[in-house]
2 protein chains.
Amino acid sequence: MCEQCNYKELLKSVHLEPTEKRLRVLEVIGNNTFPLSASDIHDTLDRNQSINRVTVYRILDLLVDKKIVDRISTGGRAAYYGLGPNEHHQAHPHFYCKSCGQMDCLNPGAMAVEMSNFKKTFPGRIDKLELRLDGICKNCLKKTIN
Amino acid sequence: MCEQCNYKELLKSVHLEPTEKRLRVLEVIGNNTFPLSASDIHDTLDRNQSINRVTVYRILDLLVDKKIVDRISTGGRAAYYGLGPNEHHQAHPHFYCKSCGQMDCLNPGAMAVEMSNFKKTFPGRIDKLELRLDGICKNCLKKTIN
DNA sequence: TACTCAATGCAACTGTATTGCATTTATCAA
DNA sequence: TTGATAAATGCAATACAGTTGCATTGAGTA
């Protein structure tokens with residue numbers, strides 16, 4: 001997703017020690033072109049070298065908190081995780097296939113969201129905009145799994 | 001939220017028998033100006049007349065499936081439920097306050113989402129667009145709960 | 001060395017939702 | 001009206017995603 005990103009620097013930039021496990025979690029997320037679930041991430045890491053489930057959740061919370069990583073809702077219970085917007089890539093909408101459970105990133109220009117004017121008059125504080133399209137991806141459509 | 005809606009007719013229009021419990025669930029949802037969580041709905045109903053938690057979930061699934069009711073994600077685990085778009089009101093974005101957990105409906109015109117052109121070229125099938133703003137509502141800002 | 005603190009692991013727990021199966025209620029033909 | 005059938009509902013158990021409390025480890029340092 002972001003080959004230009006130096007994960008070590010990324011962690012340092014938000015005042016997080018670039019510990020081995022944090023780096024490994026961030027690498028798994030960053031080396032994918034689409035967001036992953038927490039258990040995807042845990043499974044990937046655990047296959048190579050043991051890491052606790054709770055540690056994965058704690059690191060994810062930390063990274064989301066520091067806005068290095070974005071938590072994307074599926075509309076269901078599990079959240080997906082992808083690299084957050086940074087100098088190398090913009091915020092973008094997501095497509096979630098209800099059939100195969102794949103979460104995909106869409107082109108940031110795929111849809112225009114008029115926010116700036118709205119933000120000015122909104123009485124509360126807006127921290128995040130989450131935009132997700134739900135449907136059936138082209139592979140699942142082919143298989144007519146519906 | 002939709003005083004003009006006749007819930008009995010709404011159920012019939014999607015070929016669902018307007019049973020007493022379905023009507024009661026739909027009334028609780030429809031009589032609110034903002035989406036409610038499943039347990040909010042269950043609590044409200046249970047206060048008056050006993051209804052099982054599982055029944056509430058099953059009715060909600062049914063109503064969401066038939067597109068009478070919209071399931072709105074909080075970004076967390078619990079979903080919120082509001083009347084779906086119909087002849088009396090349009091689809092609209094939501095604002096979720098991370099501090100007090102209140103989910104609010106925003107004006108449909110509050111933000112423009114350019115979908116029509118995008119839909120034409122998208123290789124999969126788009127069923128739903130979910131747009132949610134996360135932040136702190138003006139009441140919580142006042143209390144500086146942050 | 002002894003102390004401190006952050007990172008991690010493990011077990012138990014929580015909240016939200018789902019499943020399986022039994023029971024009740026509604027519908028309808030005989 | 002009765003009996004058969006199907007739909008709706010309830011209850012207990014379970015699943016899943018995530019969280020909490022507390023013990024352990026390991027690095028830095030007084």
Side-chain angles (χ1 to χ4, degrees), chain A residues 7-8 11-12 14-29 35-46 48-66 68-82 96 98 101 103, chain B residues 7-8 11-12 14-26 28-29 35-46 48-66 68-82 96 98 100-101 103:
Chain A
Y7 300 126
K8 209 171 219 168
L11 287 171
K12 281 184 191 166
V14 291
H15 310 295
L16 282 181
E17 276 304 306
T19 62
E20 182 229 340
K21 310 222 166 182
R22 283 175 189 164
L23 273 169
R24 289 209 278 133
V25 167
L26 197 47
E27 276 160 16
V28 171
I29 294 173
L36 300 170
S37 71
S39 57
D40 289 340
I41 295 166
H42 179 236
D43 289 352
T44 306
L45 288 170
D46 215 38
N48 310 322
Q49 203 179 332
S50 173
I51 186 170
N52 192 274
R53 207 169 58 93
V54 178
T55 303
V56 172
Y57 279 116
R58 283 202 268 237
I59 291 176
L60 287 173
D61 283 349
L62 210 59
L63 300 179
V64 168
D65 200 56
K66 295 293 188 181
I68 295 181
V69 162
D70 249 1
R71 177 180 282 132
I72 303 124
S73 153
T74 60
R77 277 167 301 168
Y80 279 56
Y81 298 86
Y96 179 68
K98 291 182 294 184
M103 177 80 77
Chain B
Y7 301 126
K8 210 172 218 167
L11 287 171
K12 281 185 191 166
V14 292
H15 311 295
L16 282 180
E17 277 302 309
T19 63
E20 183 229 340
K21 309 220 167 181
R22 283 174 189 165
L23 274 168
R24 287 209 279 134
V25 167
L26 197 49
V28 171
I29 294 173
L36 299 171
S37 72
S39 59
D40 289 340
I41 295 165
H42 179 235
D43 289 352
T44 306
L45 288 171
D46 216 38
N48 309 322
Q49 202 177 335
S50 174
I51 185 169
N52 192 274
R53 207 166 58 93
V54 177
T55 303
V56 173
Y57 279 116
R58 284 202 267 239
I59 291 176
L60 287 173
D61 283 348
L62 210 60
L63 298 180
V64 168
D65 199 56
K66 296 292 188 182
I68 295 181
V69 163
D70 250 0
R71 175 182 284 132
I72 303 124
S73 154
T74 60
R77 276 168 300 168
Y80 278 56
Y81 299 86
Y96 179 67
K98 292 182 294 184
C100 62
M103 178 79 77

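- Scanning all heavy atoms of the two residues, the minimum distance from B/Val54 to B/Asn52 falls at N-OD1, 2.8 Å.
- Distance CD1 (B/Ile59) to P (C/dA17): 15 Å, rounded to an integer number of Å.
- Across B/Pro35 and B/Gly82, no two heavy atoms sit closer than the pair CB-N, 4.2 Å.
- Between the NE2 atom of B/His15 and the P atom of D/dA7 there is a distance of 16 Å, given to the nearest Å.
- To the nearest 0.5 Å, the span separating CG on B/Leu26 from CG on B/Leu11 amounts to 5.5 Å.
- Smallest separation of non-hydrogen atoms from B/Tyr57 and B/Ala38: CE2-CB, 3.6 Å.
- Summary of helix geometry: the two end axes of the helix from C/dT1-D/dA30 to C/dA30-D/dT1, each defined by five base pairs via their C1' atoms, are inclined to each other by 0° (rounded to 10°).
- C/dG15 atom C1' lies 14 Å from atom CG of B/Asp40, rounded to whole Å.
- For B/Glu17, the CD atom sits in a loose shell: 12 or fewer heavy atoms of surrounding residues, nucleotides or ligands are nearer than 6.0 Å.
- In this structure, the CG atom of B/Leu62 is 13 Å from the C1' atom of D/dT9, given to the nearest Å.
- Whole-Å rounding puts the B/Leu16 CG to D/dA8 C1' distance at 12 Å.
- Between the CD atom of B/Glu17 and the C1' atom of D/dA8 there is a distance of 11 Å, rounded to whole Å.
- In this structure, B/Arg22 atom CZ and D/dT9 atom C1' are separated by 11 Å, rounded to whole Å.
- In terms of phosphate contacts, A/Thr55 brings a side-chain nitrogen or oxygen within less than 4.0 Å of OP1 or OP2 of C/dG9.
- By the 4.5 Å heavy-atom criterion applied to side chains, B/Asp61 and B/Arg71 are counted as neighbours.
- Straight-line distance from the CD1 atom of B/Ile41 to the P atom of C/dA17: 10 Å, rounded to whole Å.
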Base, backbone or nothing for each nucleotide of nucleotides 16-30 of chain D, written B, S, -, heavy atoms under 4.0 angstrom, 5' to 3'? BBBBBB---------
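- Closest approach of A/Arg24 and A/Ser50 over heavy atoms only: NH2-O, 4.2 Å.
- Close to C/dC10, at under 4.0 Å from its OP1 or OP2, lies a side-chain N or O of A/Asn52.
- For B/Ser39, the side-chain contact (heavy atoms from CB on, under 4.5 Å) test picks out B/Ser37, with sequence neighbours left out.
- A distance of 8.0 Å separates CZ of A/Arg22 from CG of A/Leu63, quoted to the nearest 0.5 Å.
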